[in-house]
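Numbers here simply count residues along the sequence, with the first being 1. What's counted below: heavy atoms across the whole structure, side chains too, no hydrogens, waters or symmetry copies. Order of appearance sets the numbers: ligands from 1, and atoms from 1 within every ligand.
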Amino acid sequence: RTKYYKVDSANPDLTVLAEAAELLRQGRLVAFPTETVYGLGANGLDAEAVAGIFEAKGRPADNPLILHIDTVEQLNDLAAAIPASARALIGRYWPGPLTVVVKRQSHVPNVVTGGLDTVAVRLPASLTARELIRLAGVPVAAPSANTSGRPSPTTAQDVLSDLEGKIDAIIDAGPCAIGVESTVVDCTTPVPTLLRPGGITYEMLIEVLGEIEVDPALACSQSIPRSPGMKYTHYAPVAPMFLVESGADYAAFILNREINGALAAGHTVGAVVSAEMADSLPPQVIASVYGPRTDTALIAANLYTALRSFDNKAVDVIYAEGIAEQDLGLAVMNRLRKAAGYRIIRE
Ligand code: TXA
Ligand code: MG
């Protein structure tokens with residue numbers, strides 16, 4: 001059975017968090033909110049507990065986990081070296097949706113790092129997350145709290161629909177504010193490398209670093225990813241999805257053309273679209289609106305809920321409308337491409 005705790009995100013009950021922290025210290029699995037998505041936590045220094053995360057999620061063992069800490073100083077206990085780029089990023093964006101990859105110390109368990117000589121570390125902004133980590137007194141290993149391959153969870157209900165009965169507890173603090181995962185930056189390369197776009201935008205990274213390399217796996221699905229997590233199907237709704245990436249001028253025409261083709265073939269069609277687009281679709285389409293086309297922060301916040309909304313609807317195929325890759329749009333498009341399994345219509 002999964003224990004359910006409810007807390008106020010602005011004023012979390014510390015006796016509740018102390019109970020959950022005690023579970024973590026005992027080697028149990030506790031799902032908890034962060035500002036990005038819900039995480040599935042375990043004591044990051046307890047290899048057996050961390051192995052339980054992989055088991056509960058059905059996650060491939062070579063996909064390493066992020067260690068979550070609650071003070072900047074704790075990075076000194078995990079990193080073998082902290083490059084200047086990492087210091088600059090941390091100084092500006094911690095606590096927050098930023099994960100840095102640095103050389104690890106040898107006591108960091110292999111099960112956390114997937115056997116790599118690096119470790120990914122993040123100091124979340126969420127008060128609930130930080131207090132939980134502080135009370136646990138250990139770094140907390142946590143991937144997103146979804147079944148591997150599914151859209152990440154942004155509510156406690158999402159977590160329970162994937163993992164109820166497979167984890168020991170969940171802390172519900174309401175929906176996550178950002179809605180897409182943290183930005184992952186490899187700080188061990190001469191020029192830091194963006195491995196996963198996320199809550200800290202590309203523009204914000206450039207502001208601090210001046211330049212950044214982009215992992216080729218982000219641009220092209222064929223190349224070999226440096227971040228092990230990038231090579232698996234991810235974020236996918238149950239029905240196959242196609243992503244339309246044409247510019248805003250033609251998007252309505254192309255989406256409607258594709259959707260009408262699918263309807264004519266007798267399919268039940270779902271669509272993940274902007275508010276502007278929703279009005280132009282045939283009425284029999286089951287539309288899930290992610291927000292106004294230019295509000296990338298709102299689209300990010302709604303994205304996974306929109307993808308999960310088809311779980312209990314019998315659609316045969318889903319069409320998604322792409323957005324511009326500015327600000328949080330870069331992270332949104334990265335997730336949409338992966339959710340579509342790179343079935344992209346570009347015209
Ligand atoms: O927002 C987030 O980052 C959430 C919350 C819970 O903090 N966590 C999360 O974890 O998204 P996960 O496991 O779903 O994604 C972690 C990503 C994966 O793409 C993984 O491959 C990468 O970080 N990663 C972890 N350790 C790494 C390492 N040592 N080198 C390169 N990539 C690493
Ligand atoms: Mg994940």
Checklist entry - Atoms of ligand 1 less than 4.0 Å from Gly39 heavy atoms? => result 6 (C)

Checklist entry - Numbering the atoms of ligand 1 from 1, which are under 4.0 Å from a heavy atom of Ser144? => result 8 (N), 9 (C), 10 (O), 12 (P), 14 (O)

Next on the checklist: Whether the side chain of Thr147 engages the backbone of Arg150 through a donor-acceptor N/O pair (distance < 3.5 Å, no angle test) should be reported.
Outcome noted: no

Checklist entry - Quick one: which of Ser152, Ala31, Ser182, Ala141 has a heavy atom closest to atom 3 (O) of ligand 1? => result Ser182

Item to check | side-chain hydrogen bond (donor to acceptor under 3.5 Å, both in side chains): pairs with one or both residues in residues 259-270, sequence neighbours excluded | outcome: none

Checklist entry - Relative to atom 11 (O) of ligand 1, which among His68, Arg196, Arg59 owns the nearest non-hydrogen atom? => result Arg196

Checklist outcome for this item: Checking heavy atoms under 4.0 Å, the part of Thr36 that sits near ligand 1 is side chain

Checklist outcome for this item: ligand 1 atoms nearer than 4.0 angstrom to some heavy atom of Leu195 are 31 (C), 32 (N)

Checklist entry - Using heavy atoms and a threshold below 4.0 Å, how should the contact between Thr113 and ligand 1 be classified: side chain, backbone, both, or neither? => result neither

Item to check | Lys3 and Glu22 ion-paired at < 4.0 Å | outcome: no

Checklist entry - Okay, side chain of Glu35, backbone of Ile178: is any donor-acceptor separation there less than 3.5 Å? => result no

Checklist entry - To which residues is Leu23 joined in a hydrophobic cluster, defined by side-chain heavy-atom contacts under 4.5 Å among Ile, Leu, Val, Met, Phe, Trp and Tyr, whether direct or through other members? => result Tyr5, Val7, Leu14, Val16, Leu17, Leu24, Val30, Phe32, Leu132, Ile133, Leu135, Val140, Ile171

Next on the checklist: Quick one: does any side-chain atom of Thr189 pair with a main-chain N or O of Val191 as donor and acceptor, under 3.5 Å?
Outcome noted: yes

Item to check | Backbone N/O of Thr154 and side chain of Arg308: donor-acceptor pair under 3.5 Å | outcome: no

Checklist outcome for this item: Closest to atom 30 (N) of ligand 1 by heavy-atom distance, out of Val101, Ile178, Ile66, is Val101

Checklist entry - Under 3.5 Å between some N or O of ligand 1 and some N or O of Arg122? => result yes

Item to check | For Thr118, atoms of ligand 1 separated by under 4.0 Å from a heavy atom | outcome: 28 (C), 29 (N), 30 (N)

Checklist entry - Where does Glu35 meet ligand 1, judged by heavy-atom distances below 4.0 Å: at the side chain, the backbone, both, or neither? => result neither

Next on the checklist: Would the distance check show the side chain of Gln105 and the main-chain N or O of Asn76 forming a donor-acceptor pair, the cut-off being under 3.5 Å?
Outcome noted: yes

Item to check | Contact flag Asn146/the Mg ion (ligand 2), N/O/S atoms, threshold under 2.8 Å | outcome: no

Checklist entry - Quick one: does Thr2's side chain have a donor or acceptor within less than 3.5 Å of a partner on Gly165's backbone? => result yes

Item to check | Any Ala142 heavy atom less than 4.0 Å to ligand 1 | outcome: yes

Checklist entry - Under 3.5 Å between some N or O of ligand 1 and some N or O of Asn63? => result yes

Checklist entry - Would you say Gln74's side chain and Ile69's backbone share a donor-acceptor pair under 3.5 angstrom? => result no

Checklist entry - For Leu65, is the nearest heavy atom under 4.0 Å from an atom of ligand 1? => result yes

Checklist entry - At a 4.0 Å threshold, what atoms of ligand 1 neighbour a non-hydrogen atom of Leu116? => result 28 (C), 29 (N), 30 (N)

